[in-house]
*Asks:* 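Encoded as structure tokens, here's the structure I'll be asking about.
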Amino acid sequence: MTGHETAQGPKHKRDLTRRKVVAAGAGAVVAAGVGGSFAAGAFAGEGTTAAKEKTAGTSGEACYKLTSETTEGPYYIDADKLRRDVTEDQEGIALTLRLKVIDSDTCKPLANAAVDIWHCNALGVYSGYEAMGSGGGGGGGGTPPSGTPTGTPTGTPTGTPPGGGGGGGGHEEPTDDERYLRGTWRTDKKGEVEFRTVFPGWYQGRCVHIHTKVHVNGVWTDAGYEGGTTCHTGQLFFDEASVLATAEVAPYSTNTTTRTTLDEDTIYPGNGTEGGLLKLRYKKGAIAKGVVATLTMGVDPETSQDGTTAG
């Protein structure tokens with residue numbers, strides 16, 4: 001791996017048995033982004049159930065491939081807000097994210113699991129870490145400086161290039177109290193959960209992605225979600241065609257950071273939906289009107305996957 005995203009563990013360990021999420025804004029559902037909002041019932045009847053992938057063999061055969069584990073990244077914030085609409089005041093293309101969580105051995109849905117998502121905004125900035133800029137030091141975003149640079153650089157750069165956020169390299173402590181584009185919600189009896197957010201942007205060293213965690217065996221209370229273990233830590237990815245389409249739409253079009261493609265990314269495992277590649281639906285030539293992203297994630301509820309190492 002290169003740059004900021006290495007398979008290193010966090011600087012401190014979190015006690016998952018004491019994990020809590022604060023119930024805030026749970027009633028918010030609809031997110032409106034640049035280019036319009038979703039009409040009520042516009043995507044009625046769409047589900048996230050994928051075809052089962054059976055393999056011939058013994059009675060212990062897996063009915064669905066286990067979704068790839070990846071690093072947690074430095075910008076995870078525990079005790080996040082319990083809500084489905086994580087948009088807050090962030091501009092961008094409206095994104096409806098529909099995930100289905102199932103047991104990879106039995107294909108049975110995991111109900112009442114807690115699913116976290118978090119990602120950068122259209123210009124590559126993570127809430128809670130705004131002081132670190134676009135992805136934690138990668139620059140980019142906004143309008144490029146005007147005028148003609150003076151002087152000629154000399155010498156050869158040394159050391160490791162500055163990295164962006166979203167990968168490994170150890171947990172970073174938050175620099176501010178912002179929490180946009182972060183949230184936690186429970187899966188229903190079908191193992192499904194839906195979030196309203198905006199299409200993520202990009203920053204130095206990483207392709208466009210969303211982070212996710214799945215927690216099981218905890219208890220939902222008036223205060224939120226407590227206890228349990230993390231059975232999946234992964235990242236969700238977007239195909240190159242969709243990202244190129246968003247790059248033509250403001251505010252993404254103002255992001256001057258050199259973009260890393262899906263194939264160039266050091267974290268995407270390159271194995272399609274099993275590796276977190278989302279299935280996207282949007283009107284061709286009119287992506288600004290909104291995107292629906294779906295994925296079925298096969299997890300092992302008996303294991304603990306905290307994302308401190310690559311999986």
*Asks:* For the pair Tyr203 (side chain) and Cys207 (backbone), establish whether a donor and an acceptor sit closer than 3.5 Å, ignoring hydrogens and angles.
*Replies:*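 Absent.
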*Asks:* Decide side-chain contact (heavy atoms from CB on, under 4.5 Å) for Thr184 and Tyr225; before the verdict, give the C-alpha distance in whole Å, the side-chain angles of both, and the deciding distance to 0.1 Å.
*Replies:* CA-CA 9 Å; Thr184 302; Tyr225 184 83; 5.7 Å; no
*Asks:* Any salt bridge linking Glu72 with Lys213? Criterion: basic side-chain nitrogen under 4.0 Å from a carboxylate oxygen.
*Replies:*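 Yes, Glu72 and Lys213 are salt-bridged.
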*Asks:* Specify the closest pair of heavy atoms between Ile287 and Ile93, including all atoms of both residues, with the distance to one decimal.
*Replies:*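 Answer, listing the atom of Ile287 first, then Ile93: O-CG2, 3.2 Å.
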*Asks:* Is there a side-chain contact between Val216 and Val101 in this structure, where contact means two heavy atoms from C-beta onward sitting under 4.5 Å apart?
*Replies:*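 Result no, sub-4.5 Å side-chain heavy-atom pair not found.
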*Asks:* Heavy atoms only: give me the nearest Tyr129-Glu172 pair and the separation to one decimal.
*Replies:*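 Nearest heavy atoms, Tyr129 then Glu172: OH-O, 2.6 Å.
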*Asks:* Do the side chains of Lys65 and Asn271 get nearer than 4.5 Å, heavy atoms only?
*Replies:*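 Asn271 does not reach Lys65 side chain to side chain.
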*Asks:* Rounded to the nearest 0.5 Å, how far apart are CD of Gln305 and OG1 of Thr230?
*Replies:*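 Gln305 CD to Thr230 OG1: 9.5 Å, rounded to 0.5 Å.
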*Asks:* Kindly give the heavy-atom pair with the smallest separation between Glu130 and Asp176, and that separation in Å.
*Replies:*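 Residues Glu130 and Asp176, closest heavy atoms: N-OD2, 2.8 Å.
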*Asks:* May I ask you to test the Leu95-Phe238 pair for a side-chain heavy-atom distance under 4.5 Å?
*Replies:*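 Yes, their side chains come closer than 4.5 Å.
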*Asks:* Would you indicate whether the side-chain heavy atoms of Glu91 and Val198 approach each other to under 4.5 Å?
*Replies:*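 No - every pair of side-chain heavy atoms lies 4.5 Å or more apart.
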*Asks:* Quick check against the 3.5 Å criterion: does Lys289 have a side-chain atom that pairs as donor or acceptor with the backbone of Tyr282?
*Replies:*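 The answer is no, because no donor-acceptor pair under 3.5 Å joins these two groups.
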*Asks:* For the residue pair Tyr252 and Phe199, categorise the inter-ring angle as parallel (less than 30°), tilted (30 to 60°) or perpendicular (more than 60°).
*Replies:*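 Rings of Tyr252 and Phe199: perpendicular, over 60°.
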*Asks:* Indicate the atoms forming the closest heavy-atom contact of Leu280 with Ser242, along with that distance.
*Replies:*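 Here Leu280 and Ser242 meet closest at CD1-OG, 3.3 Å.
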*Asks:* How far does OH of Tyr126 sit from NE2 of His211, to the nearest 0.5 angstrom?
*Replies:*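 It is 3.5 Å, given to the nearest 0.5 Å.
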*Asks:* For the residue pair Trp220 and Leu82, establish whether any side-chain heavy-atom pair is separated by less than 4.5 Å.
*Replies:*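 Heavy-atom side-chain distance check passes, below 4.5 Å.
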*Asks:* Any chance you could lay out the side-chain contact (heavy atoms from CB on, under 4.5 Å) test for Glu192 and Thr294, step after step, and finish with the verdict?
*Replies:* CA-CA 10 Å; Glu192 298 177 350; Thr294 63; over 6 Å; no
*Asks:* To the nearest 0.5 Å, how far apart are CZ in Arg259 and CG in Leu244?
*Replies:*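 Spacing of CZ (Arg259) from CG (Leu244) equals 5.0 Å.
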*Asks:* Take His119 and Thr197, measure what side chain to side chain donor-acceptor pair (under 3.5 Å) needs, and give me the verdict at the end.
*Replies:* CA-CA 10 Å; His119 61 86; Thr197 184; 2.8 Å; yes
*Asks:* Is there a side-chain contact between Asp265 and Arg206, using heavy atoms and a 4.5 Å cut-off?
*Replies:*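 Yes, close enough: below the 4.5 Å cut-off.
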*Asks:* Return the orientation label for the Trp118 and Tyr76 ring planes: parallel under 30°, perpendicular over 60°, tilted otherwise.
*Replies:*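 It falls in the tilted class, 30° to 60°.
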*Asks:* For the residue pair Leu66 and Asp300, what are the closest heavy atoms and their distance?
*Replies:*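 So the minimum-distance heavy-atom pair works out to CD1-N, 3.7 Å.
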*Asks:* Can you tell if the side chain of Phe237 reaches within under 4.5 Å of the side chain of Pro269, non-hydrogen atoms only?
*Replies:*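 Yes - at least one pair of side-chain heavy atoms lies under 4.5 Å apart.
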*Asks:* So how far is it from Ser68 OG to Leu277 CG, rounded to the nearest 0.5 Å?
*Replies:*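 So the OG of Ser68 and the CG of Leu277 are separated by 11.0 Å.
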*Asks:* Indicate yes or no: at least one non-hydrogen side-chain atom of Leu99 is less than 4.5 angstrom from one of Leu236.
*Replies:*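 Leu99 reaches Leu236 side chain to side chain.
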*Asks:* Do Thr187 side-chain atoms and Leu110 backbone N/O form a donor-acceptor pair below 3.5 Å?
*Replies:*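 Pair found, side chain donor or acceptor close to backbone of Leu110.
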*Asks:* Give the intermediate values and the outcome of side-chain contact (heavy atoms from CB on, under 4.5 Å) for residues Arg182 and Lys81.
*Replies:* CA-CA 7 Å; Arg182 297 175 180 272; Lys81 292 185 176 181; over 6 Å; no
*Asks:* For the atom pair CD (Gln235) and OG1 (Thr233), what is the distance rounded to the nearest 0.5 Å?
*Replies:*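 The CD atom of Gln235 sits 10.0 Å away from the OG1 atom of Thr233.
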*Asks:* So, Asn255 and Thr257: side-chain donor and acceptor under 3.5 Å apart, yes or no?
*Replies:*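 A pair is found: one side chain offers a donor N or O, the other an acceptor, under 3.5 Å apart.
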*Asks:* Hey, mind stepping through Leu278 and Leu97 against side-chain contact (heavy atoms from CB on, under 4.5 Å) and telling me if it holds?
*Replies:* CA-CA 9 Å; Leu278 293 163; Leu97 177 63; 3.9 Å; yes
*Asks:* Before giving the answer on side chain to side chain donor-acceptor pair (under 3.5 Å), spell out for Asp85 and Thr87 the whole-Å C-alpha distance, their side-chain angles and the decisive distance to 0.1 Å.
*Replies:* CA-CA 6 Å; Asp85 184 344; Thr87 311; 3.0 Å; yes
*Asks:* Distance check, rounded to the nearest 0.5 Å: His232 atom NE2 versus Asp116 atom CG?
*Replies:*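 Reported to 0.5 Å precision, the distance equals 11.0 Å.
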*Asks:* Which pair of heavy atoms, one from Gly191 and one from Pro109, lies closest together, and at what distance?
*Replies:*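 Looks like N-CB, 3.6 Å.
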